[in-house]
Each structure stands twice: as structure tokens, then as C-alpha cells.
Amino acid sequence: MIEIKGVSKAFPGRKGSEPVQALKDVDLIVRDNEFLTVLGPSGCGKTTLLRVIAGLVPHDTGEVLVDGKPVTGPGPERAMVFQSFALMPWDNVLTNVAFGLEMQGVDKKTRELKALELIEMVGLGGFEKRLPGELSGGMQQRVGLARALAVSPKVLLMDEPFGALDEQTRRLLQEELLRIWEATRTTVVFITHSMEEAVLLGDRVVLMRPRPGRIDQILDIPMARPRSTHLDSVESSGEFTAMVGLLWSNLRAMHSDVRRARQAGQAAATKP
Amino acid sequence: MAAVAPTPARVVSPGFLSRLEAWPTVASFIVLVGGWELLGRSLNQPFFPPLSSVLNELAINQAEIMAALGTSLTNLVLGFIVSVVFGVGLGLLMGAFRKLDAALDIYINALLTAPSLVFAPIFFAIWGLERWSIVAVIFMYSTWIMVVNTVTAVHTVPPEMLEMGRAFNAPRIKTWTRIVLPSATPLIMAGIRLATGRAVKGMLNGEMFIAIVGLGKLVKDGSGRFDASLVLAILVVIIVVAFIALWVVGWVDARLTRWLPKTSR
């Protein structure tokens with residue numbers, strides 16, 4: 001279980017401007033074996049939230065606990081999948097997937113055996129000797145997913161993992177991710193800017209709002225599991241459409257709030 | 001679902017086509033060689049001998065040139081090895097420690113732009129006519145460009161790669177051996193390539209102006225006698241040496257950076 005209690009985080013602004021309040025008083029509980037998706041407009045702090053959980057950036061106030069232990073930095077029980085894939089182009093698929101285990105000091109034979117198993121699981125069997133540069137974007141992110149799963153994490157942190165992929169590839173990977181998740185039930189925190197993706201994958205959707213970044217509301221997604229076997233009918237269901245519609249009306253309201261605030265700011269600035 | 005392999009990019013098979021693609025190189029070589037010979041013959045001046053008499057000179061002085069070449073190559077290899085070890089080593093340290101970089105950056109750039117031969121009297125004062133004077137000149141010529149390139153190489157390691165390393169708890173030493181060094185290798189090798197040409201220049205200048213030995217001595221003797229054929233013959237030898245040195249460095253580079261996509265070579 002991940003407990004986030006009263007977490008705030010500000011980044012220093014550029015020269016002369018005010019610090020940016022990326023997160024303000026965020027409270028959130030991520031349950032074990034839950035697939036949690038985090039959605040919000042850009043600047044709402046969703047990626048910062050993930051990086052705080054990962055231990056990549058320190059938070060200013062509050063506390064983050066993973067299974068009761070405070071997060072002070074990255075840890076082996078949390079593994080991350082990156083939007084930019086972040087694969088090592090000089091290493092083949094096998095070595096890339098085994099990287100996390102290598103960093104933990106696992107011996108070569110053991111980690112490569114484990115890596116091969118994961119490569120098979122993400123559907124890349126036979127590609128273990130290829131270099132990332134020889135793979136398509138979708139295949140590269142499968143490698144990224146396998147690398148994260150190879151360390152057998154309790155929590156999988158995914159930062160817009162399919163954001164850099166084309167629509168069709170993204171669709172196939174969503175299906176693949178659901179299939180793997182339904183088999184493993186690892187706790188997932190999944191950042192996205194796609195409403196459809198948030199609803200399709202998540203047990204709950206955390207909707208965040210910007211300036212300062214905070215949680216707007218948390219929605220339960222009532223659709224049954226497993227979903228990977230019939231994604232198309234999930235997407236055409238009334239529940240799905242209703243959830244996406246609800247998220248959109250909230251997001252649209254946020255966008256007009258932001259615009260109104262900006263106009264008010266400009267008006268204030270132009271006053272003598 | 002099974003992933004599908006992307007078709008590997010096919011390189012045109014070596015043979016007729018690639019030889020055809022090399023024709024501009026072959027053509028320019030023929031024009032240069034032919035033009036030199038014709039111009040030399042028609043001018044009929046001692047300061048611009050035709051290629052044939054240059055090659056003839058090369059053959060006549062073969063023994064002397066080979067002996068000089070041995071001396072020069074020893075100087076070159078020694079100077080270059082010292083430069084690479086020091087240049088890349090210092091570059092890595094400056095890349096790792098921002099404060100060291102801030103402290104030394106300006107002096108490295110000063111040394112990079114300063115004409116290296118002005119240090120010759122100092123080396124001469126220390127080592128006299130010893131080999132180390134020339135090694136020191138080669139060092140001054142070739143080291144600083146490698147320092148500059150290596151620092152840039154370390155600083156331009158993609159931040160997302162470093163973050164990935166952090167996310168997987170990479171120890172500091174592993175971050176360097178598994179992420180920073182491989183990522184920096186192409187730029188470091190580019191610096192070493194640039195340094196190769198500079199080292200050859202440093203070798204010749206050192207041999208001509210400090211300790212008069214090797215190929216530099218022959219050039220100096222030849223020019224003292226206004227023997228243009230000998231000077232040009234040595235020039236041909238030096239160019240061949242430079243090409244071989246660059247080829248060796250290129251060969252190492254290609255092996256170390258095999259993973260780079262073909263287009264970014």
C-alpha cells in the first residue's frame with residue numbers, strides 16, 4: 001500500500017518568477033493490487049506525483065509511505081516505465097531487460113534467465129539479441145515494461161508510457177499491459193493524459209487539477225475484470241462512455257477556469 | 001500477440017555499386033596526380049618538381065627515410081598515448097566534478113587556442129634534445145581538444161538515461177561504467193580523431209624546430225638545400241602516416257560505437 005499524506009512540492013521558478021507549486025496538500029492511498037490511473041491537464045503535477053513516489057524528487061512537506069516505510073529515494077520494490085523508454089542503445093534487449101537486476105548485484109546467469117522469461121511475457125521472444133535501435137517504438141516500450149517487471153516490483157510506476165506511441169501501437173500495448181496485469185496483479189500507478197486510457201485501464205481514476213497541482217476527485221471505474229479479452233466491447237459499453245463523458249466535463253471546466261484566471265491576471269496586470 | 005520484426009535496413013552490397021559510388025574519390029585522385037605531374041613538367045622549376053621526381057627522390061633516400069620514419073613514429077605513438085590517457089582522463093574528471101570544470105575550463109580553452117609551438121623553448125629548456133621534448137610538443141598539440149570533447153560528452157549524457165539509472169538504484173560506479181561512459185564514447189572518439197591529425201602536426205613541428213630528428217630533420221635539411229623534391233617526398237610520407245593513424249582510430253571508433261544508427265555516423 002502506498003500512503004501519501006499532505007504532500008507538497010514546489011520547484012524554484014525561472015529567474016525572477018515565483019516558485020511553481022507542483023503539488024499542494026496531496027492525500028492519496030494506493031491500494032495493493034490496484035490499477036490506479038492519474039489524469040489531468042498539463043501542469044497539474046501528475047508526473048511530479050509519480051516521481052515523488054519513485055523517490056526521484058524529494059517532497060517538501062508531508063510523507064510518502066510504501067508498506068509503512070517512508071520513501072527517501074528510489075527502492076527495489078518500485079520500478080518505473082518511462083515515456084521516453086530510456087533504453088540503453090548500446091545494449092541488446094536481453095541486457096536492457098536485465099539492467100535492474102544487474103544493479104541489484106544479481107549474477108549474470110540468474111538475471112538473464114529471469115530477463116528471458118519477461119521478454120517472452122511481453123511478446124518479444126526471439127528478439128533478445130537485437131539492439132533497441134532496431135526495434136519499433138512499441139517494441140521498445142515492451143522492453144521498458146519487461147525491464148521494470150524483471151525486478152519483481154511491488155509497485156509499477158508508469159509515466160505516460162504510451163504517450164510517445166501512435167494510436168494503433170498504443171492500443172495493442174494497452175491490451176498487452178492489461179493481459180500481463182491481470183496475470184500478475186502488481187500495484188500500478190499509471191500517469192496519462194488520455195481520458196479513454198485512464199478509464200480503460202484503471203480500477204480508479206485520480207483526476208488532478210493545476211495551479212497548484214492537487215487532487216480534484218477520485219472516480220471508481222465499475223467495469224468488470226478481466227477486460228483484456230474484450231477491450232472493444234468495454235469501450236463501446238455505456239459505462240465507459242459515461243465515465244469518459246464525466247471526466248471530460250470536469251476537465252473542460254478546469255480548462256475554462258485556467259483561461260478565466262489567466263484573463264483576470266492579464267486584466268490586473270494592465271490596470272494602471 | 002506476437003511482435004513483428006521490422007525489416008532491417010539493407011545496405012547496398014559491396015562490389016560494383018559501391019565501387020561506382022567511390023568514383024569521385026578515384027577521379028579527384030587521378031586529376032591531382034596527373035595535374036601535379038603535368039604542371040611540374042611544364043613549369044620546369046626546381047621549387048615545383050613533378051610527381052615522378054618526388055617519387056624518385058623517395059626511392060633514392062629510401063633507407064634514410066625509413067630510419068627517420070621509425071624515429072618519428074615512435075615519437076608520435078608515445079606522444080599520442082600520453083595525450084589520450086591524460087586528455088580523456090582529465091575530461092572525465094572535469095565532466096564528473098563541476099567545480100573542477102569551472103576551475104579549469106578557461107585554461108583548457110586558452111591552451112586549445114594558443115599556438116602550441118610557443119611552448120617549445122620551455123620543453124627545450126627542460127629536456128633539451130631528448131625525445132621527451134617532442135613528446136611534449138605532440139602532447140600540447142593534441143591533448144586539449146580531447147579534454148574539451150570529453151567534458152562535453154559527459155555533460156550531454158541524456159538526463160533521462162541518468163534518471164533511469166537512479167530509478168533502478170544504480171550505484172555511482174555502475175552509473176559511470178554502464179551509462180555515462182558508453183553514452184559519451186561517440187563524442188570522446190570524435191575528439192580522439194581530431195587529436196590524431198593534430199598529433200601528426202605536433203610531431204613534425206617538434207622535429208623541425210626543437211630536437212632535429214626523424215622526418216622533421218629531413219624536411220629541414222631538404223628545405224635548407226632548397227631540395228623541393230625531398231621536402232615533397234617527406235610530405236607524401238607524412239600524409240600516408242596521418243591516413244594510417246586516422247584509419248586505426250576510425251577502426252577502433254567503429255568497433256566501440258557499433259550501436260549507433262548508420263545515419264548518425
Side-chain angles (χ1 to χ4, degrees), chain A residues 50-51 54-57 73-92 95-96 99-105 119 122-127 130-140 142-144 147-148 150-151 153 157 159 169 172-173 175-176 179 228, chain B residues 1-11 88 92 95 98 150 153-190 192 251-265:
Chain A
L50 193 79
R51 287 158 52 87
L56 289 171
V57 291
E77 77 288 355
R78 285 157 287 148
M80 195 146 169
V81 180
F82 299 85
Q83 182 176 11
S84 61
F85 316 146
L87 302 179
M88 294 173 294
W90 46 86
D91 282 331
N92 63 26
T95 312
N96 265 290
F99 182 77
L101 294 169
E102 185 190 342
M103 293 306 109
Q104 293 176 7
I119 289 168
V122 299
L124 285 180
F127 287 89
R130 296 295 191 94
L131 292 175
E134 300 173 306
L135 306 180
S136 67
M139 292 166 79
Q140 290 188 42
R142 285 165 193 265
V143 177
R147 176 176 61 188
V151 299
L157 303 170
D159 183 14
T169 309
L172 292 171
L173 274 159
E175 217 171 276
E176 190 85 4
R179 187 184 59 72
S228 64
Chain B
M1 48 153 299
V4 181
T7 332
R10 282 259 169 259
V11 184
V88 174
L92 290 176
R98 290 268 171 187
T150 305
V154 173
H155 285 172
T156 52
V157 173
E160 69 265 23
M161 293 305 299
L162 295 173
E163 175 148 279
M164 188 280 293
R166 281 218 298 138
F168 283 99
N169 285 295
R172 190 169 161 83
I173 194 100
K174 284 275 181 189
T175 306
W176 271 80
T177 55
R178 296 289 280 109
I179 296 174
V180 177
L181 288 180
S183 175
T185 299
L187 254 183
I188 293 176
M189 287 310 296
I192 292 178
W251 185 84
V252 173
D253 187 8
R255 245 125 221 93
L256 287 179
T257 60
R258 229 188 271 267
W259 50 274
L260 276 182
K262 292 269 185 296
T263 45
S264 58
R265 274 194 194 282

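Bear in mind the structure is a predicted one, so any value in this text is a computation, not a measurement. The analysis underlying the following values was restricted to heavy atoms, covering all of them including side chains, and did not include hydrogens, waters or symmetry mates. Proteins get letters first, then strands, A, B, ... in listed order; numbering begins at 1 in each.
- Contact of Ala86(A) with chain B is made through backbone and side chain together, with heavy-atom distances under 4.5 Å.
- For Leu56(A), the parts sitting under 4.5 Å from any heavy atom of chain B are the backbone and the side chain alike.
- Looking at heavy atoms from C-beta onward, Leu173(A) lies in side-chain contact with Arg142(A) at the 4.5 angstrom threshold.
- Looking at Phe99(A), only its side chain comes within 4.5 Å of chain B, counting heavy atoms on both sides.
- Of all the listed residues (Ala79(A), Pro89(A), Gly100(A)), the one sharing the greatest number of non-hydrogen pairs under 4.5 Å with chain B is Pro89(A).
- Residues Ser84(A) and Glu160(B) meet the side-chain proximity criterion, which asks for heavy atoms closer than 4.5 Å.
- Heavy atoms closer than 4.5 Å to chain B are found nowhere in Leu157(A), neither backbone nor side chain.
- With a 4.5 Å cut-off on non-hydrogen atoms, Pro76(A) touches chain B through its backbone and its side chain both.
- There is no contact between Thr185(B) and chain A, counting heavy-atom distances below 4.5 Å.
- Thr175(B) places none of its side-chain heavy atoms less than 4.5 Å from the side chain of Arg166(B).
- Only the side chain of Arg51(A) comes within less than 4.5 Å of a heavy atom in chain B; its backbone stays farther off.
- Using modelled atom types, no side-chain atom of Glu175(A) and backbone atom of Ser228(A) make a donor-acceptor pair closer than 3.5 Å.
- Annotation: side chain of Arg255(B) is not in contact with side chain of Val252(B) (no heavy-atom distance under 4.5 Å).
- Under a 3.5 Å cut-off, the side chain of Asn96(A) and the backbone N or O of Met88(A) do form a donor-acceptor pair.
- Per-residue heavy-atom pair counts under 4.5 Å with chain B were compared for Gly133(A), Ala148(A), Pro153(A), Gly75(A), and the maximum is reached by Gly75(A).
- A salt bridge links Asp91(A) with Arg178(B): at least one charged nitrogen is closer than 4.0 Å to a carboxylate oxygen.
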